[in-house]
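Order of listing sets the numbers, starting from 1, for every ligand and every atom in it. Residue numbers start at 1 and run along the sequence shown. Side-chain atoms are counted along with the backbone in the values below, which use heavy atoms only and exclude waters and symmetry mates.
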Amino acid sequence: MIVKFRIANRSLWSNILRALHITSRLPSDVLFVHRDTPENNADTPFFFCQENMDRACALINLYPEGHSRGALIALLDLAQRQCGWLPLSAMHYVADMLRLPRMRVYEVATFYTMFIRQPAGQNIVNVCMTTPCWLRGSECIMEAVKDATKAEVGGISPCGRFSVFEVECLGACVNAPMIQINDDFYEDLTVEDVCRIIADIKECKKPNAGPQSGRFASEPICGLTSLCTPPLPPGHSIQDCLR
Ligand code: FES
C-alpha cells in the first residue's frame, strides 16, 4: 500500500527525511530454526561416553527430586563438549534423560549463543560486536579474525580448525575489544594481537588468555588514579568523646 503524505512545508519534509535513519538489515549468522541435514538430524547417533555419563549423573544428582531440569544447561554443554557442537539428537537425548518435553530443550538451545547447533571447527571464535567493543574497534578485530582464520562469520575455515561467530556482550566490556576462543577470553586486543593469537593456535600453542595490553585485570592502564594511599586505621576521625 502506498501512503502519500502531503506536506506543504518542503523544508519540514526534508528535515523529516534527514531524521529518518535506515539501518541495513544484518542477517543472523545462524538459523534459529532447525533444518535437517545429513550430519544433523533426529537419527544422528548420540550417546554420552561413560566418563560424560558419570558427569551427567553427578550433575543431575545436585538437584532435588523433581527438579532435575536445573541440570539442563550443564548437560547440553557436556554434550557440546563431547561432539564439538550440539546435534539435534543430543538435545533429544538430554530431554529424555531429564524427562523433559523436547520443546523445553529447543527453547534453551536456541536462546543461548554458546550452543552451536551446526557442525563447527575445532576452535570456536566469538567476536563481541556490542557497543563498548564496537567503540573500541571491534569491526577491525572482526576483519583481522576473518583474515587470520580464512573463515566467514557463521562459517568454518577451509582447514576446519576455526568457526567464527559474531556475539553480543560477553561481559568483559572494561577490557574491550575482546574475543572469546573456546573457554578463554582475549582482551584489550589490537589487530596484531589477533594475528599472533590465531597463529599460535594454528601452531598448537596456547596463547596467554586475558588482557593483551599488559594490564593484570581491569585496573586503569596508566596506574592507580584513586585509593593510592594505604587505608586509614579503624577509629580514624571519630570524635574523642566516642572513643
Ligand atoms: S561489549 Fe564487548 S564484552 Fe561487553
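- Distance alone, capped at 3.5 Å, places no donor-acceptor pair between the Arg102 side chain and the Tyr106 backbone.
- No single ILVMFWY cluster, assembled from side-chain heavy atoms under 4.5 Å apart, contains both Phe46 and Ile116.
- Val108 and Met103 fall within the same hydrophobic cluster, defined by Ile, Leu, Val, Met, Phe, Trp and Tyr side-chain heavy atoms under 4.5 Å apart, directly or through other members.
- In the hydrophobic clustering of this structure, Ile156 does not group with Val125; members are Ile, Leu, Val, Met, Phe, Trp, Tyr whose side-chain heavy atoms approach within less than 4.5 Å, directly or through other members.
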Can you give each donor-acceptor pair under 3.5 Å made by side-chain atoms of residues 57-75, sequence neighbours left out, with the distance rounded to 0.1 Å?
| from | atom 1 | to | atom 2 | distance (Å) |
| --- | --- | --- | --- | --- |
| Asn61 | ND2 | Cys57 | O | 3.2 |
| Tyr63 | OH | Gly70 | O | 3.2 |

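- Taking the charged nitrogens against the carboxylate oxygens, Lys206 and Asp184 do have a contact shorter than 4.0 Å, which makes a salt bridge.
- Take atom 2 (Fe) of ligand 1 and draw a sphere of radius 2.8 Å; the protein N/O/S atoms inside it number 2.
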